[in-house]
Amino acid sequence: TLLSEDSITTVKTFTSPPSQCTFFHHGQGIETDCGSGGVGILLSSSGTKAWERAGRPEPVYASLTGGIARAMGLEIHVLDIQKFLLKYFIISAHHPDSSE
């Protein structure tokens with residue numbers, strides 16, 4: 001990824017009608033010898049509402065591994081069909097593998 005640092009960005013879709021998604025990014029500040037790295041979570045407009053229902057908690061960013069961002073998590077709250085609150089913690093992780 002070419003993004004650096006940690007960020008939360010609103011993304012407008014080109015659908016009809018337009019909606020807004022939310023992109024959460026976890027990255028390192030500088031490029032390392034291993035190249036750039038980073039992970040992200042993209043929430044649809046309904047996913048964004050679930051994040052807002054959870055109180056808009058800050059993402060949980062894992063420590064950098066070898067100077068590279070590899071994992072992050074985010075809490076969301078979803079209402080089921082009977083309006084029962086379901087709490088989820090979603091995780092995005094990258095685990096590179098090299099056979100060399």
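- Residues that satisfy the side chain to side chain contact (heavy atoms under 4.5 Å, CB included) test with Thr13, not counting sequence neighbours, are Thr15, Ser19, Cys21.
- Trp51 and Leu86 fall within the same hydrophobic cluster, where Ile, Leu, Val, Met, Phe, Trp and Tyr residues are linked whenever their side-chain heavy atoms come under 4.5 Å apart, directly or through other members.
- Expressed to the nearest 0.5 Å, how far OG of Ser46 lies from CD1 of Ile76 amounts to 8.5 Å.
- Residues forming a side chain to side chain donor-acceptor pair (under 3.5 Å) with Ser92 (at least two apart in sequence, or on another chain): none.
- When the shell of 6.0 Å around CZ of Phe89 is examined, it contains more than 12 heavy atoms from other residues, nucleotides or ligands.
- Gln20 pairs with exactly one of Val11, Thr48, Thr10 by the side-chain contact (heavy atoms from CB on, under 4.5 Å) rule, that one being Thr10.
- Phe23 CZ to Leu42 CG: the interatomic distance, rounded to the nearest 0.5 Å, is 7.0 Å.
- When each of His25, Met72, His26 is paired with Ile41, the side-chain contact (heavy atoms from CB on, under 4.5 Å) condition holds for Met72 and for no other.
- The hydrophobic cluster around Ile81 extends to none of the other residues, as no ILVMFWY side-chain heavy atom falls under 4.5 Å of it.
- Within the structure, the salt bridge (Lys or Arg N to Asp or Glu O under 4.0 Å) test picks out no pair touching residues 77-89 (sequence neighbours left out).
- Of all the heavy atoms in Leu43 and Gly47, the pair that sits closest is CD1-O, 3.5 Å.
- Separating the CD1 atom in Ile90 from the CG atom in Leu74 is a distance of 5.0 Å, to the nearest 0.5 Å.
- Residue Phe84 is grouped with residue Val78 when hydrophobic side chains (ILVMFWY) are merged at heavy-atom distances under 4.5 angstrom, including chains of intermediate members.
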Would you give me the side-chain donor-acceptor pairs under 3.5 Å for residues 53-62, sequence neighbours excluded?
| unit_1 | atom_1 | unit_2 | atom_2 | d |
| --- | --- | --- | --- | --- |
| Arg53 | NH1 | His77 | O | 2.8 |
| Arg56 | NH1 | Glu52 | OE2 | 3.4 |

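- Qualifying side chain to side chain donor-acceptor pair (under 3.5 Å) partners for Ser45, counting only residues two or more places apart in sequence or in other chains: none.
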